[in-house]
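A quick write-up on the structure given underneath.
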Amino acid sequence: KNISDKKSKELILCSFSDNKLQMKLGNITLLTKTIEHKFPNYKVIIPTNNEGLLTVNRLSLLNNIKQLSSYTDYQGVVSFNVSDGILSLKAEDDIKKTKVVLKVSCETLDLYDNYKIGFNDKLLIAILSNLSCEEITFKLSAPNKGALIATDDDNLTILLMPLILS
């Protein structure tokens with residue numbers, strides 16, 4: 001069956017069985033298989049009591065984290081410290097003896113002062129780069145619990161696990 005675009009004359013060859021699907025286009029082969037086990041209960045790891053809210057401009061946060069990423073240690077930890085409507089982003093590397101702090105304005109709700117949590121810089125960059133919304137909201141509870149990232153149109157929620165800050 002031809003399911004490629006109209007410009008291409010190549011055919012995508014599809015074959016399937018009860019639990020497998022194979023597609024071939026030129027020298028590329030894609031093979032998929034149906035999961036035969038019970039799907040894990042993902043709902044148990046998604047936090048439900050994240051009442052602290054941190055709302056920030058997505059591009060501002062992305063650009064600041066990109067700047068910090070060259071100063072992080074081998075784990076890529078960027079720490080968030082929220083105090084008085086300011087999000088302080090910190091990256092440090094004990095081996096290189098570097099420490100950089102950048103500040104971003106934010107809005108908070110039900111988040112205690114001097115709240116600190118750490119995330120991986122590369123994961124944050126990947127997440128923020130692939131969103132198109134203007135603002136994002138981190139739904140937070142304890143610094144050792146997962147954070148939910150919600151877009152301003154509420155069409156997407158992302159679970160981001162924190163890193164332990166030293």
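Sequence positions, counted from 1, serve as the residue numbers for this chain.
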Measuring from atom OG1 of Thr72 to atom CG of Asp93, what distance do you get when rounded to the nearest 0.5 angstrom?
7.5 Å
Could you check whether any side-chain heavy atom of Asp73 comes within less than 4.5 Å of a side-chain heavy atom of Glu92, counting everything from C-beta outward?
no
Could you grab the distance from atom CG of Leu31 to atom CE of Met23, nearest 0.5 Å is fine?
9.0 Å
Shared ILVMFWY cluster between Leu124 and Tyr115, side chains joined below 4.5 angstrom?
yes
For Asn114, side-chain contact (heavy atoms from CB on, under 4.5 Å) partners two or more places apart:
Asn81, Ser83
Report yes if the side chains of Val78 and Phe119 come closer than 4.5 Å at any heavy-atom pair, otherwise no.
no
Return yes when atom OH of Tyr74 has more than 12 non-hydrogen atoms of other residues, nucleotides or ligands closer than 6.0 Å, and no otherwise.
no
Are any non-hydrogen side-chain atoms of Leu159 and Pro47 less than 4.5 angstrom apart?
yes
Are Thr55 and Leu109 side-chain neighbours, meaning at least one heavy-atom pair lies under 4.5 Å?
no
Closest heavy-atom contact between Asn120 and Lys122?
OD1-N, 2.9 Å
Can you confirm whether more than 12 heavy atoms, excluding those of Glu107, are under 6.0 Å from its CD atom?
no
Tightest non-hydrogen contact, residues Leu68 and Ala91, listed as O-CB, 3.7 Å
What verdict does the side-chain contact (heavy atoms from CB on, under 4.5 Å) test give for Ile125 and Leu62, after you've listed the backbone C-alpha separation in whole Å, the side-chain angles of each residue and the deciding distance to 0.1 Å?
CA-CA 6 Å; Ile125 290 169; Leu62 173 62; 4.2 Å; yes
Can you check whether Pro143 reaches Leu165 side chain to side chain, under 4.5 Å on heavy atoms?
no
Value rounded to 0.5 Å, distance of SG in Cys133 from CG in Leu128:
8.5 Å
Could you tell me the separation between the CZ atom of Arg58 and the CD atom of Glu134, rounded to the nearest 0.5 Å?
9.0 Å
May I ask whether Ile86 and Leu89 are part of the same hydrophobic cluster, defined by side-chain heavy atoms of I, L, V, M, F, W, Y residues being less than 4.5 angstrom apart, directly or through others?
no
Is there a path of hydrophobic side-chain contacts, each under 4.5 Å between heavy atoms, that joins Tyr71 and Leu163?
no
Work out which heavy atom in Gly52 is nearest to a heavy atom in Leu111; give both atom names and the distance.
CA-CD1, 4.0 Å
Quick one: pull up OG in Ser79 and CD1 in Ile164 and give me the separation to the nearest 0.5 Å.
14.0 Å
If hydrophobic clusters are built from ILVMFWY residues whose side chains come within less than 4.5 Å, do Leu21 and Ile28 share one?
no
Spell out, yes or no, whether Val104 and Leu53 are grouped together once hydrophobic residues are joined by side-chain heavy atoms under 4.5 Å, including indirect joins.
no
Any Asn64 side-chain heavy atom under 4.5 Å of Gln67 side chain
yes
Exactly one candidate in Leu156, Leu54, Leu131 meets side-chain contact (heavy atoms from CB on, under 4.5 Å) with Ile136; the answer is Leu131
Check Ser129 against Lys66 and note the closest heavy-atom contact, atom names and distance.
OG-CE, 4.4 Å
Rounded distance [0.5 Å steps], CG in Asp113 versus OG1 in Thr108
8.0 Å
Closest approach of Val101 and Ser88, non-hydrogen atoms and distance?
CG1-CB, 4.1 Å
The side-chain contact (heavy atoms from CB on, under 4.5 Å) partner of Phe80 among Val56, Leu87, Leu140 is Leu87
For the student: nearest non-hydrogen atoms of Lys139 and Asn50, plus distance
O-ND2, 2.7 Å
